[in-house]
Structures are given as structure tokens and as C-alpha cells.
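Residue numbers begin at 1 in each chain, while the letters A, B, ... track the order of the sequences.
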Amino acid sequence: MEMQSKVTTLENALSFINDGCVLMFGGFGGVGNPPTLIKGILQKGTKDLTLIGNDAGFPEIGIGKIVSAERVSKLITTHIGSNPIAGKLMVEGKMEVEFCPQGILAERIRAGGAGLGGVLSDIGMGSMIEVGKQKVEMGGKTYLIESALQADVAIVHAKKADYFGNLIYDKSARNTNPLVATAGRVTIVEAEEIVAPGMLDPESIITPGIYVDMIVESEGVNWKWAWE
Amino acid sequence: MEMQSKVTTLENALSFINDGCVLMFGGFGGVGNPPTLIKGILQKGTKDLTLIGNDAGFPEIGIGKIVSAERVSKLITTHIGSNPIAGKLMVEGKMEVEFCPQGILAERIRAGGAGLGGVLSDIGMGSMIEVGKQKVEMGGKTYLIESALQADVAIVHAKKADYFGNLIYDKSARNTNPLVATAGRVTIVEAEEIVAPGMLDPESIITPGIYVDMIVESEGVNWKWAWE
Amino acid sequence: MGMGIEVRNRMASRAAKEIKAGMVVNLGIGIPSLVPNFLAPETEVLFHAENGVLGMGPSPSKGEEDAMLCNAGGFPVTVIPGASYFDSATAFAMIRGGYLDMTILGGLEVSEKGDLANWVIPGKRIPGIGGGMELAEKAKKVIVLMSHVNKHGEPKILQECTLPLTARRCVDLIITDMAVIEVSEKGLLLKEVMEPFTEKDVREMTGARLLVREGGKK
Amino acid sequence: MGMGIEVRNRMASRAAKEIKAGMVVNLGIGIPSLVPNFLAPETEVLFHAENGVLGMGPSPSKGEEDAMLCNAGGFPVTVIPGASYFDSATAFAMIRGGYLDMTILGGLEVSEKGDLANWVIPGKRIPGIGGGMELAEKAKKVIVLMSHVNKHGEPKILQECTLPLTARRCVDLIITDMAVIEVSEKGLLLKEVMEPFTEKDVREMTGARLLVREGGKK
């Protein structure tokens, strides 16, 4: 049995990322953002995106580039402190920003991929976080209902992919990528290395290929700037 | 830096499992139930347990032995079809049984370990599953609130553990074990092999040792009977 | 269900024809577990198990079984290149997330609307729900493999199920020892009649109206 | 915050004394990230990062940095034997699940009840909440490392916080350039006064009542 390859061209992958789409991205502080796909989105000129992901990156690195280029109409994230342009766009009313506690954003994305409606959380009770959210009482405690998040397209960075889309990651560049990989109606992976099925240890596969629709080869990453 | 070892004796581990305690167990159809710990519980005579886990095992294998020995006052599970004694005890009123859809039980256990109050599910709407559960409307859909589950003690089977409690599992014997490992106030691991920290690949560790309180060495498993 | 191995194999063989290359498929216990035996070896299918395996291969040879590698029914399996292991929460996240193309399940009753009852006979057998509810509700295509009548000779395909439901309006295709029946918007569509039965036999043993598609096989 | 490296190091060094062997500790960005430099090398501590690392070791030597291995602040780190990598959902599952013994965070304001404000200055700086809310609410012990006064010379330790809260009644210990203050049931307890300040200086620069424990260091 030979598995059909999901490896495709950058052009084909980008054809699924269009104006107005809800785009979820993997990565944390720039590290783990898929740079080749991001460069492609910038070059294609895609705009009016609803972005969902951990943070706004840095002005000139990672997902931050898309924010800085004013391609984003709404951002659902946990913080934008590392990208002052994001703060400026928000204050100027050019980009709507919805803030979410970091672990709760991760859970909302996981819930979206796992076919759950959401999770019950006690994080941020009595703070701005609870504004507009339903509450439930259970076992004498009050919880916020944090709704699941899904995306039209999820973009992910991986260390290695096999043709079927089984993925492994690289140290802390794993971060939100395995979660994001599950929550896109179309999931596109940028991989540093692409191998044949069977080359990855089935015990060590972090993202089973069932979640992956397309794989493009990475042109390589350079995240060092974030701390230099 | 030397990590303190969590390896202990079976006797010491069993001292945490007492009459009336809520005991969560890893495993699926017998496979992945920790046999040495189960044997120890039987020998100790522990009773009035509230058991939480995937199924009731088989009459003479795995967790089923504890059910068959009438040590369980309440069982929260997904099915008992493989253990007729469990069905008999339920019908006779000797053991209360709460049924939960299989993936929802897994999520309730995960939520318990992850400090969430529960999850929103649309599984079993209009069936017996919704009896007694709160509902919420969100985005035009109705969801059941499935509450998180925790236990006094969680017992887990692993292929390898390091002294700190980092765990890897063995093929499909992984099943519910990584979930159960997170949801015990005390988590006891039965491992086939115990190694020094650093011997397990940090990328391939499935259960980080932070969740584990005690490790005992397994006397070995024999799950073959389940299909022979 | 009192059906011989030959009949069960014929049903499994018929179900195998519904599996297309590239599908992700979950098989229930019982007759559904026979289905892989009837797939062409080159068919690219990924078999999924609720306990946490994607990419199960053929059953191992006698003596080659691995106690640590089984399907959700507890039977020993093998894996193909590209397989992966994960926990049961992930296995069901895949199911609820809509990543399963097909599930093939057993059944106690199916209604003409596609309601399925396959988990409990009140007062008799209460095995519990297991993973069937999630599979029935969330797999893209649900095929039920079951005997056409119960052990009392009564129809299992009914206008309304009498047993507690596993899931509503979930069944797409019913394959029995007597017929292949599609659940369509308009009602039950008799697509095929199995040897040695006649269309009349099938109608007599079915507790709901059966339509026949024009130009369809009878 | 306008404090020299010497002062910041002294604060970090003082915080390091709170860390006991066997603890799982998460460090915020800024001064808290200096704390590991002041731990005895044999101290058995597991440093946790929100992006998904447990068991971070010392900073790598110049030129030895790995672009794929950093802490939640984006700074390059190393790992010790027994470390593990996981996704961010798991990193926060650990935090919410109560598995963190201590977190050391920066702060904008702390109230005498232990309320913490450290995430937003309305109308000025809205960086977002990040992971601080979960750490502050759920770590077993919360230490705040901050300058005693803000850049206008105004107290940051107050009867009530004026900025939006990160979490209520979460802070256990405040370490500043002027003092070490414990948040107790009875109120703020002045435990130590830093050189060259006097108890009077500290009281003047604190916007809440300070108790002194009998027999305590002043």
C-alpha cells in the first residue's frame, strides 16, 4: 500500500489562502511561525484576514510581518507586546484585537480541532476577560464558557513531515503548532524535511497525518533575531 | 543537578490507595491496566472504591478483577460489555454505574488534569446521556456540559519511566494512560523499565514527569488472554 | 446473530466495496472487523481505532501477535508504514472533529430516517455506550452491518426504533444478509437483494417502506 | 524600570533564596529571568516555560544558541537531563492543574490583599494578557519582583490597585529594590529592608499599611 502524497507547491497551497479568510497560525513569539508560507501570503497580497494565534510576533519577523503590512482586520490572540505596530493599528482602529489568556486560547484552538463546543474555565473571573461571555455554575463554582475556535486555513511549521502529513517538531518550536494543525478546515504544513511514510517513529509522531491537507517544503527559518 | 527519584516500593504506593477512595485507572479493554498495582490492591483488600476508567475489563484480567471482587461501589465508565460480572453487580444494585460516551470520558479526565471545569459536547443530545446535565446555547447550537473528573489516586501503566516520572508508552497500550496520569491528586505509575533522567528523548516523552508522584516496577504484563 | 461465516463474509465483502482509496475508516467489532479481508491489497485505506491507532494493517500471523498492539475490540493488529499511536482523547478528537470518512458498525435496529440503536436492550443487556455514539454521530458516512431480522425473526429495520437510540439520522447505508438498503431523503431505498432472497422476502422482513430506485438493481 | 543591573541582580538573588529543592518554577520576563543565575548549581529545580519546555538549564554560551530552543520570552535556553517538550496547551494544563510550585513575575501594582496588576495600562500600553493571568491565579506561590515605586516616584504597593487586575489575592511575596514584603492574612508584613534604605523610607514609599512581625528582621 502506497500512501498518496500531500506534498504540493507553495503556489497551490497559497491558492487556499484568500482575502477575508480566517487564518490560524502556529508559533510563539515568532518561533514556530511558518516563514515560507508567511512570505508567500505577503507576496500574494492577501488581505482582510482574521488571524488567530498566540501573539503578533515582531514587526519584521514571523506572523508580525503580516500584521505590520496591515493585512489583518481582526486578531484573536494573547498579547501584542512584542509588536508595537500591532498596538498602533489597534489604537488607530485599523485592526480589531480580541485578547484571550494564553492557555485558554490554546484550549479554544484544541477544542475547535477536537469537535468540542468549548471549555469551562475559571481564568480571568472578575476581569476584562469575562466580558461578553456566558457563565455556568457547577459544583458550587462559577466558570466562563470559552468557545472553540476554528479556521478556514491553519498554517503550521514542522521539523519533519512524511508524505501523509505525520509531523514531528523541533524542541520549543513545537509550541502551538500541534494544536493549530487540528483546527483548520484546510491545514497547510511547512516542513524543514519531507520523508517517506514509515521513516518517522509511530510512537514519536506528534501530529497524525489525518489533520494535514498539504505539505510544502520550507525555505528555512531564521528566528535568531528575536533575541539578538 | 541530580533529580530526586520517585521510585518506590509497591507497599508504599499502596498505602495511598485506601477504602472509599476515588481511583482512576489507565487502560482500554484490559490492555494498559497496571497489573502489579491491581494485584496489590486486591491483596490489600481495599474496598468501596469509586473507579473511573474506560471500561470494566474482563472478569479475570486487568481492572476487571477489582470489579469482580466486589470492591467497587461506583464505576464511571463507557462500557461494561466485556465483564458480565460488572453487569450482574449493576443489576443487583451492588455497584452504581455511570455511563459516558468514550471520547467524552477521555475529555472529562483530560479536563480534570488540565484545571478546566469541563467541556461543551454535542454527543448524545436527545439520548440518556443528557439526563441530569446542564445545557448551554452557543452560536445557535445546544451543548451539554460535561464536567471534569479528578481522582484521589490515578494508576497508570507505562513502558518506560525515568526517576523523575517522564513516561513513554508502548503502541496501543498508551490509550487512556497519558490522560489518567494527569488527573490524580496522587499519580502512581507502574513501569516495565525504569531509567535515569536523560535516557528518554525529550521530544518523545508523552507524559512529563511533573504529573507523576510515584513509580513502581512492574512484575510484567500478560494481556494476551483478552483475545485468545 | 446466528448467521454463518459465509453469510457474514459476504456482508463484509459487500461493505468493502464502499471503501474508496484514501479514506480514513473505523470498524466496529463483530462483522465489521471482517471487512479488511475483502479489500484489494493495494487499496490505500487508513484504519482508525478508538484506543489510539491510525494505520492498522492486516491481522498478525499466529504467534506473531504483540500484546501491546490491538484494536478497540482487543484483537491483535499490525500497523502499516505511516501509522501513528496517540491517546484515546486524540482518537476521539479525530472522530468528533469530522476527520473520519466512514465507520462500519453493527446494529440492533435502524429506522427509516436512519436512526440507529445499537447499544442497549433495557432490562436485558446494558453493555454501555462505548465509542459508538461518537462514531455514529460524527463519521461522514455510517454503514450498518447487521442481520436483517433478530433472533425472534422480527424485522430490525423499522419505521421507528423501539430501543434507546445510539444516534439520530446517522445511518447512510444498511447491509444485511438479505439486502443492501440506502437511507435517502425520501426514505429507505432498496438497492440490492442478496441471494437466495427475493425482493418480496426482503419487503416481508422489513418493518418500513422500501423504495426502489428507477433503473436500480433489484 | 530605571534600576541598575546591580539592584536588579540583588532582587533576583533574594528571590532565588525562596526556591527550594524539587520545586517546579516558572519565571516571567525581565528581572525574574535573572533568578537562575543566583541558584546554587546543585539545586534541583525544574524551570517551566509556557511555550512548552520543562527542565530548562542555564543560558547557552555565545554562539551555542539553538534557534529552536527558547523560553516564553524568546531567549535562548538549554535543557537538563530529564527535560521534556510539549505543546502550549499542555504547558498551561500544568499551570491550571496546580502543578507549578512557584512563579516569579513582574508587577505594575500590588494591593495589600495581594491583588496583582501587571498586564495593561489603559490608554497607554495594552500588550495583552499573555500567560500571566493563569500563572498568577494558579501557581502555588506567587512572588512579584518589581521596583518599589513607578517612574513618577509613586508607590506601586497600594491599598487597592488602580490598574486592571491580572488576578485577585494571588501574591504571596513582594521583592523590590527597597524591601521584602509578605502578603499575610493580616496585611502586608515588612520582612526585610534593603540597603541603603531605612524602614521609614520604605513606609513613605508604600501606599499601604506595613506590619512588622515580632522578632522579624526590619
> Are any non-hydrogen side-chain atoms of D:Asp87 and A:Arg110 less than 4.5 angstrom apart?
Replying inline: no
> Is there a donor-acceptor pair closer than 3.5 Å between any side-chain N or O of A:Ser127 and the backbone N or O of D:Leu165?
Replying inline: no
> Given that the side chain runs from C-beta out, which part of A:Pro178 has a heavy atom under 4.5 Å from chain D: side chain, backbone, both or neither?
Replying inline: side chain
>> What part of D:Glu137 gets within 4.5 angstrom of chain A, counting heavy atoms only: side chain, backbone, both, or neither?
In response: side chain
> Any idea which of D:Gly52, D:Ala167, D:Ala89, D:Ala49 has the most non-hydrogen atom pairs under 4.5 angstrom with chain A?
Replying inline: D:Ala89
> Mind checking whether A:Phe28 and D:Glu50 have side chains closer than 4.5 Å, heavy atoms only?
Replying inline: yes
>> Heavy-atom pairs under 4.5 Å with chain A - which of D:Ala93, D:Gly130, D:Pro164, D:Ser84 has more of them than the others?
In response: D:Gly130
> CH2 of D:Trp119 to CZ of A:Phe99: how many Å apart, nearest 0.5 Å?
Replying inline: 7.0 Å
>> Is it the case that atom NZ in A:Lys88 sees more than 12 heavy atoms from other parts of the structure closer than 6.0 Å?
In response: no
> To the nearest 0.5 Å, how far apart are CD1 in D:Ile129 and CE in A:Met128?
Replying inline: 8.5 Å
> Using non-hydrogen atoms only, which part of A:Leu105 is less than 4.5 Å away from chain D: side chain, backbone, both, or neither?
Replying inline: neither
> More than 12 foreign heavy atoms under 6.0 Å from NZ of A:Lys133: is that the case here?
Replying inline: yes
> Above 12 or not: heavy atoms from other molecules or residues under 6.0 Å from CZ of D:Arg168?
Replying inline: no
> Does a sphere of radius 6.0 Å around CG in D:Leu189 hold more than 12 heavy atoms from other residues, nucleotides or ligands, not counting ones at 6.0 Å or beyond?
Replying inline: yes
> From D:Met133 CE over to A:Met125 CE, what is the distance, rounded to the nearest 0.5 angstrom?
Replying inline: 11.0 Å
> Heavy-atom distance under 4.5 Å to chain A: side chain of D:Ala136, backbone, both or neither?
Replying inline: neither
> To the nearest 0.5 Å, how far apart are CG in D:Leu135 and CD1 in A:Ile123?
Replying inline: 9.5 Å
>> Please check this pair: side chain of A:Thr176 against backbone of D:Ser88, looking for a donor-acceptor N/O pair closer than 3.5 Å.
In response: no
>> Between A:Asn177 and chain D, with a heavy-atom cut-off of 4.5 Å, which part of the residue counts as in contact: side chain, backbone, both or neither?
In response: neither
> Quick check: are there more than 12 heavy atoms from other residues, nucleotides or ligands sitting under 6.0 Å from CD of D:Glu6?
Replying inline: no
> About how many Å separate OG1 of D:Thr90 and CZ of A:Arg174, when rounded to the nearest 0.5 Å?
Replying inline: 8.5 Å
>> In the structure I gave you, are the side-chain heavy atoms of D:Val53 and A:Lys171 within less than 4.5 Å of one another anywhere?
In response: no
>> Under a 4.5 Å cutoff for heavy-atom pairs, which residue among A:Gly81, A:Gly103, A:Pro101 has the most contacts with chain D?
In response: A:Gly103
> Counting only heavy atoms not in A:Arg185, do more than 12 fall under 6.0 Å of its CZ?
Replying inline: yes
>> Just checking D:Met205: does its CE atom have more than 12 heavy atoms from other residues, nucleotides or ligands closer to it than 6.0 angstrom?
In response: no
> So, the side chain of A:Gln102 versus the backbone of D:Phe92: is there a donor-acceptor pair under 3.5 Å, distance only?
Replying inline: no
